[in-house]
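This report refers to the structure that appears directly beneath it.
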Amino acid sequence: MIGSTLSGRYELTGVLADGPVFSVWSARDHVNGKDVCIRVLKSPMDSEPDFIRALTQVVDRYRKAASPFIESMHRVSQDDHTPFLISDLTRGPGLSDRIRKLAPFSVQVSVSMA
């Protein structure tokens with residue numbers, strides 16, 4: 001899938017993760033000239049209209065949340081009946097990686113991570 005383009009705009013450039021609900025990709029937005037994160041819904045969730053509607057509502061509700069500590073979500077879109085979520089591309093280790101590297105850790109580190 002690397003090199004393919006979603007919605008004529010988002011060129012998938014690399015695989016970031018593969019989970020039970022989403023496959024997560026880095027992509028280049030050719031309209032805005034930015035790197036973004038694309039979460040493609042996997043089967044069977046990609047054909048669950050109630051789930052897609054709920055996901056869209058959550059993204060719409062929290063789209064304007066801005067903080068250097070959270071990933072900004074932009075919108076839910078579809079390409080040829082394949083729903084996907086577009087968000088900021090964040091670099092660096094995720095929370096689960098940090099926990100594995102630091103465990104066991106002090107109360108101060110726990111509080112700062114939360």
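In this text the structure is predicted, and so the values were computed from the model without any measurement.
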To the closest 0.5 Å, what do you measure between CG (Asp60) and CG (Leu55)? 9.5 Å

Cluster overlap Leu85 with Val40, hydrophobic side-chain contacts below 4.5 Å: no

Indicate if Phe84 and Met1 have the same hydrophobic cluster label, given that clusters are the connected sets of ILVMFWY residues with side-chain heavy-atom separations under 4.5 angstrom. yes

Glu71/Ser87 under side-chain hydrogen bond (donor to acceptor under 3.5 Å, both in side chains): CA gap, chis, key distance, verdict: CA-CA 7 Å; Glu71 180 180 311; Ser87 62; 2.5 Å; yes

Compare all side-chain heavy atoms of Thr5 with those of Tyr10 and state whether any distance is below 4.5 angstrom. no

Could you report the tightest heavy-atom contact between Ile2 and Gly14, atom names first, then the distance? CD1-CA, 4.0 Å

Main chain of Lys34, side chain of Asn32: is a donor-acceptor contact present, judged purely on distance under 3.5 Å? no

If we only count heavy atoms from C-beta on, is the Cys37 to Asp88 side-chain gap below 4.5 Å? no

Given the rule that I, L, V, M, F, W and Y join up when any side-chain heavy atoms are under 4.5 Å apart, are Met73 and Leu16 in one cluster? yes

I'd like to know if the side chain of Arg63 reaches the main chain of His74, judged simply by a donor and an acceptor atom lying under 3.5 Å from each other, with no hydrogens or angles considered. yes

Would you check if the side chain of Asp79 reaches a backbone N or O of Leu6 as a donor-acceptor pair within less than 3.5 Å? no

Measure from the side-chain N and O atoms of Ser7 to the backbone N and O of Gln78, and report whether any donor-acceptor pair falls under 3.5 Å. yes

Are Val21 and Leu41 packed together at the side-chain level, in the sense that at least one heavy-atom pair is separated by less than 4.5 angstrom? yes

May I have the list of side-chain donor-acceptor pairs in residues 45-52 shorter than 3.5 Å, sequence neighbours left out?
unit_1	atom_1	unit_2	atom_2	d
Ser47	OG	Pro44	O	3.2
Asp50	OD1	Arg53	NH2	2.6

What pairs of residues pass the side-chain hydrogen bond (donor to acceptor under 3.5 Å, both in side chains) test when at least one of them lies in residues 13-23, not counting sequence neighbours? Thr13-Ser26, Asp18-Lys42, Ser23-Trp25

In this structure, would Leu89 and Tyr62 fall into the same cluster of hydrophobic residues linked by side-chain contacts under 4.5 Å? yes

Are Arg28 and Asp35 ion-paired here, with the side-chain N under 4.0 Å from a carboxylate O? yes

Hydrophobic cluster identity match, Val15 and Val36, side-chain contacts under 4.5 Å: yes

